[in-house]
Amino acid sequence: MSAAPTSGPLRVAVLGCGVVGTQVVRLLTEQADDLAARIGAPLTIVGVAVRNLDAERDPVVDPDLLTTDAQSLVRRADVVVELMGGIEPARSLILEAISHGAAVVTANKALLAQDGPTLYAAAEAAGVDLYFEAAVAGAVPVVRAVRESLAGDDVRRVLGIVNGTTNYVLDRMAAEGLDLDMAVKEAQALGYAEADPTADVEGYDAAAKAAILASLAFHTRVSLDDVGREGITALTADDVAWAARTGHVLKLLAIAERVHDEETGRDGVLVQVHPSLVPEGHPLAKVGGSFNAVFVESDAAGELMFLGRGAGGAPTASAVLGDVVSVARHRVLGGKGPVESSYADLPVLPAGAGRARYQVRLDVEDRPGVLAQVAALLAEHEVSIEAVRQSPAAGDAAHLVITTHIASEANLRATVAAIAELAVVRAVLSVLRVEGA
Ligand code: NAP
């Protein structure tokens, strides 16, 4: 089933008039003529749902359009643009809109990562579009690229810097030697981080985007619970400084990859968010400040990178409007756009199933034979060494930085646990994955 052509103006309901909603209303209003020409029919805003009618709003928002009755608003729309955020009532309102035959555009990554399959299935059954470009990496057109442009290719791996707040924080730690708390406070003062930065610094926001990207890239349903997650809160100024000393940049990466599972003999999908050492020469190492970037490795296309502003009212509104134009065109011409597909249905693998290069930093006693003991344990666990760097530390201690060849995560973790037990090892300072090499 898919929508028949519609003639005449298309009715648009905007749910939410905050950072993004306001800019969407602005573009719908100020670009109305251009949008009508691109779509083939004018768009009419039939209402803007908010919580508080008395809140101060940008003058671009006509006060007569504001309503607190989002439910009746969605029943009068051809296109519903959900920009409220959160799970409820956004989820129920989207389902209501779909059941009334409206196309839906949303930027709600949290909802899609938690309950996307329910929404996709409802839209599919009703024959309406559900578009969500702005849910991953703001203005960066990566959803469309993975879902449509790469639909004929086989994606092997997606590496993303999809959280601008943590990218800014890590950047400042690297540039100024700040510790994490200071860098987060600076980001808050500049409006890059929320008063409660947990969703960003603990990696929840990136994990939601990783789940969405993985679902699209591997045609498999991946939810937030499937994503292995480690934020940046354990990183120290020392970790960042040592990254630079060894020719790397520390980034919080969302990584979705197709992995061969030795146990089952099948391919599976592994999705993780964790701090990673990115070699200085890799394109992702140069993504600074609050920018987002997604690096895709696929069989035929090879390597692709998408870069741009990952947040902010206007950039995010650009992605939302792109979706609005697409779904509105489908209304005018009849039919609907491509859907996310889950036909491959690959198993989602646990975090320990991964393989990567690692960098392990140790504080050890500065005496002969220490390196041999550490190397013996690595060999015992089939983790081979790519490089070792030893430098004196305070007193009779030495600093050992070991970079491994590709090793299984499970073997690496077992090795590090054994190394920590050695009498000559004073502390395991950090264990970080090296990605993008
Ligand atoms: P925001 O500034 O907090 O705005 C939320 C809006 O939704 C407000 O206008 C609020 O009304 C309204 N709202 C909230 N709950 C409501 C309810 N129960 N009924 C009616 N209205 C309700 O949020 P935002 O930053 O624009 O984000 C919107 C969405 O875009 C989220 O899903 C977010 O994840 C996503 N997104 C945001 C960005 C960004 O840079 N901000 C980037 C990418 C994606 P009041 O104004 O009356 O409070």
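What's counted below: heavy atoms across the whole structure, side chains too, no hydrogens, waters or symmetry copies. Starting from 1, each residue takes its place in the sequence as its number. As the structure lists them, so they are numbered: ligands from 1, and atoms in each ligand from 1.
Under the rule for a side chain to side chain donor-acceptor pair (under 3.5 Å), Gln114 has no partner lying at least two apart in sequence or in another chain. With sequence neighbours excluded, the residues that form a side chain to side chain donor-acceptor pair (under 3.5 Å) with Arg91 are Asp115. Listed by chain and number, the residues in a side chain to side chain donor-acceptor pair (under 3.5 Å) with Gln23 are Arg26 (sequence neighbours excluded).
The immediate protein surroundings of ligand 1, defined as residues with any heavy atom under 4.0 Å of it, consist of Gly16, Cys17, Gly18, Val19, Val20, Ala49, Val50, Arg51, Asn52, Arg57, Leu83, Met84, Gly85, Pro89, Ala107, Asn108, Lys109, Ala134, Ala311, Gly312, Thr316.
Closest of all the heavy-atom pairs between Gly16 and Met84 is N-CG, 3.8 Å.
The aromatic rings of Tyr131 and His330 sit perpendicular to each other, their planes meeting at more than 60°, with 30° as the lower class boundary.
Looking only at distances, no side-chain donor or acceptor of Gln188 sits under 3.5 Å from a matching main-chain atom of Gly191.
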